[in-house]
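What follows is a set of notes on a single structure, which appears directly below.
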Amino acid sequence: VVVPTSFNSITEMELYNHGVNIVIYANQLMRAAFPAMKYAAEEILRHHRALEIDANLMPFKDIISLIDEL
């Protein structure tokens, strides 16, 4: 098992060839999301509303579709 945060240039196949069978991308999604969240927060603060960032947001109906029904 590896968490390739600081050695991101190595491919999964290279890791596999060295005996790794689980690769955990532990924080890449959060690190990718943070700049977008920061931008959204700054725009909301600048305009005192969310209208200006609406085109950058995932539609709410798409988010709801990701949630499994009980």
Side-chain angles (χ1 to χ4, degrees):
V1 176
V2 297
V3 182
T5 300
S6 61
F7 47 100
N8 58 9
S9 64
I10 298 173
T11 67
E12 290 175 2
M13 186 54 71
E14 290 173 298
L15 294 169
Y16 177 79
N17 290 338
H18 284 89
V20 172
N21 59 12
I22 297 174
V23 179
I24 300 172
Y25 295 100
N27 62 30
Q28 282 78 4
L29 294 178
M30 182 58 71
R31 290 170 57 205
F34 186 79
M37 290 187 289
K38 183 176 182 281
Y39 171 77
E42 289 169 347
E43 289 299 294
I44 289 169
L45 289 171
R46 180 176 295 114
H47 298 284
H48 305 280
R49 64 180 188 179
L51 175 66
E52 286 72 16
I53 62 163
D54 208 48
N56 299 76
L57 304 178
M58 183 178 196
F60 190 70
K61 66 180 178 68
D62 293 350
I63 293 170
I64 294 297
S65 71
L66 298 174
I67 301 171
D68 289 337
E69 292 185 27
L70 297 178

Discussion item. Side-chain heavy atoms nearer than 4.5 Å, only ILVMFWY residues, links allowed to pass through others: does that put Met13 and Val20 together?
Written reply: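 No; tracing contacts between hydrophobic side chains, which count when under 4.5 Å, never links both residues.
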Discussion item. Starting from Tyr16, can I reach Ile10 by hopping between I/L/V/M/F/W/Y residues whose side chains sit under 4.5 Å apart?
Written reply: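 No, separate clusters.
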Worksheet item: What distance separates Asn17 CG from Thr11 OG1, expressed to the nearest 0.5 Å?
Response: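 Between Asn17 CG and Thr11 OG1, I get 7.5 Å after rounding to 0.5 Å.
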Practice prompt. Starting at CD of Glu52, measure out to CD of Glu43 and round the result to the nearest 0.5 Å.
Written response: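 Those atoms lie 7.5 Å apart.
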Worksheet entry | Heavy-atom check, side chain of Leu66 versus side chain of Met58, under 4.5 Å |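 A side-chain contact under 4.5 Å exists here.
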Discussion item. With side-chain contact (heavy atoms from CB on, under 4.5 Å) as the criterion, how do Phe34 and Asn27 come out once you've worked through the C-alpha distance, each side chain's angles and the decisive distance to 0.1 Å?
Written reply: CA-CA 11 Å; Phe34 186 79; Asn27 62 30; over 6 Å; no
Counting neighbours of [atom1] on [X] that are heavy atoms of other residues, nucleotides or ligands and sit closer than 6.0 Å, is the number greater than 12?
X     : atom1 : value
Met37 : CE    : yes
Phe60 : CZ    : no
Leu29 : CG    : no

Worksheet item: Which salt bridge (charged side-chain N to carboxylate O under 4.0 Å, His left out) pairs, counting each pair once, include a residue from residues 18-40, with sequence neighbours left out?
Response: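 Applying salt bridge (charged side-chain N to carboxylate O under 4.0 Å, His left out) to every pair that reaches into residues 18-40, excluding sequence neighbours, yields Lys38-Glu42.
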Discussion item. If hydrophobic residues (ILVMFWY) are linked whenever their side-chain heavy atoms come closer than 4.5 Å, directly or via other members, who joins Val1 in its cluster?
Written reply: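 Val3, Ile22, Ile24, all in the cluster of Val1.
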Fill in: Results of side chain to side chain donor-acceptor pair (under 3.5 Å) for Thr5 - residues two or more places apart only
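By the side chain to side chain donor-acceptor pair (under 3.5 Å) rule, Thr5 matches no residue at all.
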